[in-house]
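Naming: A, B, ... by sequence-line order, numbering from 1 per chain.
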Number of protein chains: 2
Amino acid sequence: MRDGPDIAQIAALIGDPARANMLTALMSGKALTAGELAREAGISPQTASSHLKKLLAGSLVRVRGQGRHKYYGLSGEDVAHVLENLMGLAAGRGHLRTQTGPKDAELRSARVCYNHLAGSRGVQMFTAMQKQGYLETTEDAVHLTEEGTQFCTGFGIDLEGLGRSRAPLCRPCLDWSERETHLAGKLGRAMLTRMEEIGWLVRIPDSRIIRFTRTGETEFDAQFSA
Amino acid sequence: MRDGPDIAQIAALIGDPARANMLTALMSGKALTAGELAREAGISPQTASSHLKKLLAGSLVRVRGQGRHKYYGLSGEDVAHVLENLMGLAAGRGHLRTQTGPKDAELRSARVCYNHLAGSRGVQMFTAMQKQGYLETTEDAVHLTEEGTQFCTGFGIDLEGLGRSRAPLCRPCLDWSERETHLAGKLGRAMLTRMEEIGWLVRIPDSRIIRFTRTGETEFDAQFSA
DNA sequence: CGCATGCTTCGACCATAGTCGAAACATAAG
DNA sequence: CTTATGTTTCGACTATGGTCGAAGCATGCG
């Protein structure tokens with residue numbers, strides 16, 4: 001057959017445990033240095049270097065040198081999207097639930113997915129914004145309505161500034177734990193950043209977990225009631 | 001970190017060239033025997049057997065014994081979805097376009113994606129059905145409208161019979177060549193089957209290519225004009 | 001019942017690639 | 001310049017796993 005593009009190459013790239021751990025770590029959206037990634041994956045810096053070289057060659061990550069550090073990040077949202085999908089598959093098929101610790105529950109509630117809000121909180125926000133007429137979904141694209149624009153501006157988001165780059169403003173992203181859609185794209189990132197700014201939530205270091213503050217939780221629920 | 005489900009296991013499963021070829025072959029939606037899959041992948045039956053065992057263990061495929069044959073198929077639409085996504089990534093990042101032969105052009109025009117219509121033709125149908133008010137898209141789900149129900153019935157599709165199983169009637173599927181949505185789900189499959197029945201198109205054996213007939217092309221364009 | 005066909009198991013072979021120690025290179029700081 | 005830190009290259013080791021030949025089951029056919 002030999003049809004279509006070469007799936008195996010990319011899948012094999014993701015298929016190594018060390019590399020998978022690195023990519024998962026990068027799902028937070030934060031760029032990490034080679035050394036940090038090595039620690040994340042539990043391997044020596046030399047080995048990490050070799051893995052990162054391969055990920056670069058496969059265009060799954062992108063790198064920016066800064067001083068004597070090298071900051072690695074996912075090369076695009078499409079990569080994050082595929083990773084999230086793979087997690088969904090793995091969650092469904094993984095016969096052996098490794099461990100359903102407290103960390104797991106927190107992850108399912110609210111976590112970072114390539115710099116935007118995911119988990120049940122993320123889905124809650126998306127459906128609420130849709131119900132309130134802020135978002136309009138057509139085919140697989142999502143658009144911000146007029147009311148939505150006003151809302152975001154009132155929420156403290158500089159839509160003008162976001163409009164510059166040609167990356168999509170809104171993008172749907174399938175949540176692996178909820179199996180529903182949450183908001184990705186530039187707006188998704190901006191919303192998370194803003195909510196962090198105004199003290200609704202904090203990111204737990206060295207993990208993808210997001211923890212809402214007391215007031216943040218009530219205000220979030222008030223704003224995005226289901 | 002050790003966050004979330006084990007991506008690496010599943011990705012590694014897809015990451016072997018032989019297995020990737022098998023899975024790609026199964027994307028046609030037709031169940032294939034172990035021997036056919038071995039030939040698809042260009043390996044011996046023994047090797048294929050070992051691979052299929054692993055794919056089964058990972059719940060990526062499902063099997064049904066029939067006489068001395070064993071028919072293998074993808075275990076679900078979610079698997080097909082991930083594979084299609086991976087193809088999208090590979091197509092975008094694959095620096096070396098293996099060969100852009102005539103087969104490639106036909107694949108991009110119309111092909112089978114887990115038993116439904118994909119490629120530019122598939123996208124054409126989806127957008128047309130949407131524009132005509134047959135389909136309504138909300139978040140990441142797709143619903144058939146009242147008009148759509150009438151249309152499908154008139155087209156010769158037994159919606160009653162489809163309604164039985166609990167699999168979703170309509171599902172959006174991101175096309176790797178067009179990077180737009182086309183129609184998957186039970187209705188997607190029924191539409192393709194119906195179009196084959198009434199002679200609009202034929203499937204090219206041993207490939208995912210779909211070829212429209214003379215009349216099929218004109219009638220399809222008339223029905224689903226962009 | 002024998003024979004053919006399709007699939008699987010076992011065993012052995014081999015290549016690929018992940019791993020780290022040692023050392024080189026690059027950048028920053030003192 | 002010297003020293004320290006972060007990253008990469010090189011080389012060698014090792015293990016995992018893909019591969020097939022030979023043999024063993026299972027099913028269908030004459």
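Residue A:Tyr71 is out of contact with every strand shown, counting any heavy-atom pair closer than 4.0 Å.
Annotation: side-chain contact (heavy atoms from CB on, under 4.5 Å) contacts of A:Ala31 (sequence neighbours excluded): A:Tyr71. With sequence neighbours excluded, no residue satisfies ring-ring contact (aromatic ring centres under 6.0 Å, His included) with B:His51. Partners of A:Ala48 according to the side-chain contact (heavy atoms from CB on, under 4.5 Å) rule, which considers only residues two or more places apart in sequence or in another chain, are A:Met22, A:Ala38, A:Ile43. For A:Val202, the side-chain contact (heavy atoms from CB on, under 4.5 Å) partners two or more places apart in sequence, or in a different chain, are A:Arg211.
Here the range on DNA chain C touched by chain B, meaning any atom under 4.0 Å from one of its heavy atoms, is C:dA4 to C:dT9. Read 5' to 3', the first and last nucleotides of DNA chain D with an atom closer than 4.0 Å to a heavy atom of chain A are D:dA4 to D:dT9.
Here salt bridge (Lys or Arg N to Asp or Glu O under 4.0 Å) pairs that include residues 12-39 of chain A, with residues two or more places apart or in two chains, number zero. Pairs engaging residues 110-121 of chain B under the salt bridge (Lys or Arg N to Asp or Glu O under 4.0 Å) rule: B:Glu84-B:Arg111, B:Arg111-B:Asp175, B:Arg121-B:Glu217, B:Arg121-B:Asp221 [sequence neighbours left out]. For residues 188-213 of chain B, every residue pair satisfying the ring pair (Phe, Tyr, Trp, His ring centres under 6.0 Å) rule, not counting sequence neighbours, is listed here: B:Phe155-B:Trp200, B:Phe212-B:Phe220.
Using modelled atom types, one side-chain atom of B:Lys186 and one backbone atom of B:Leu162 make a donor-acceptor pair closer than 3.5 Å.
Position along DNA chain D of the nearest nucleotide to A:His69 versus A:Ser50 favours A:His69 as the more 5'-ward residue.
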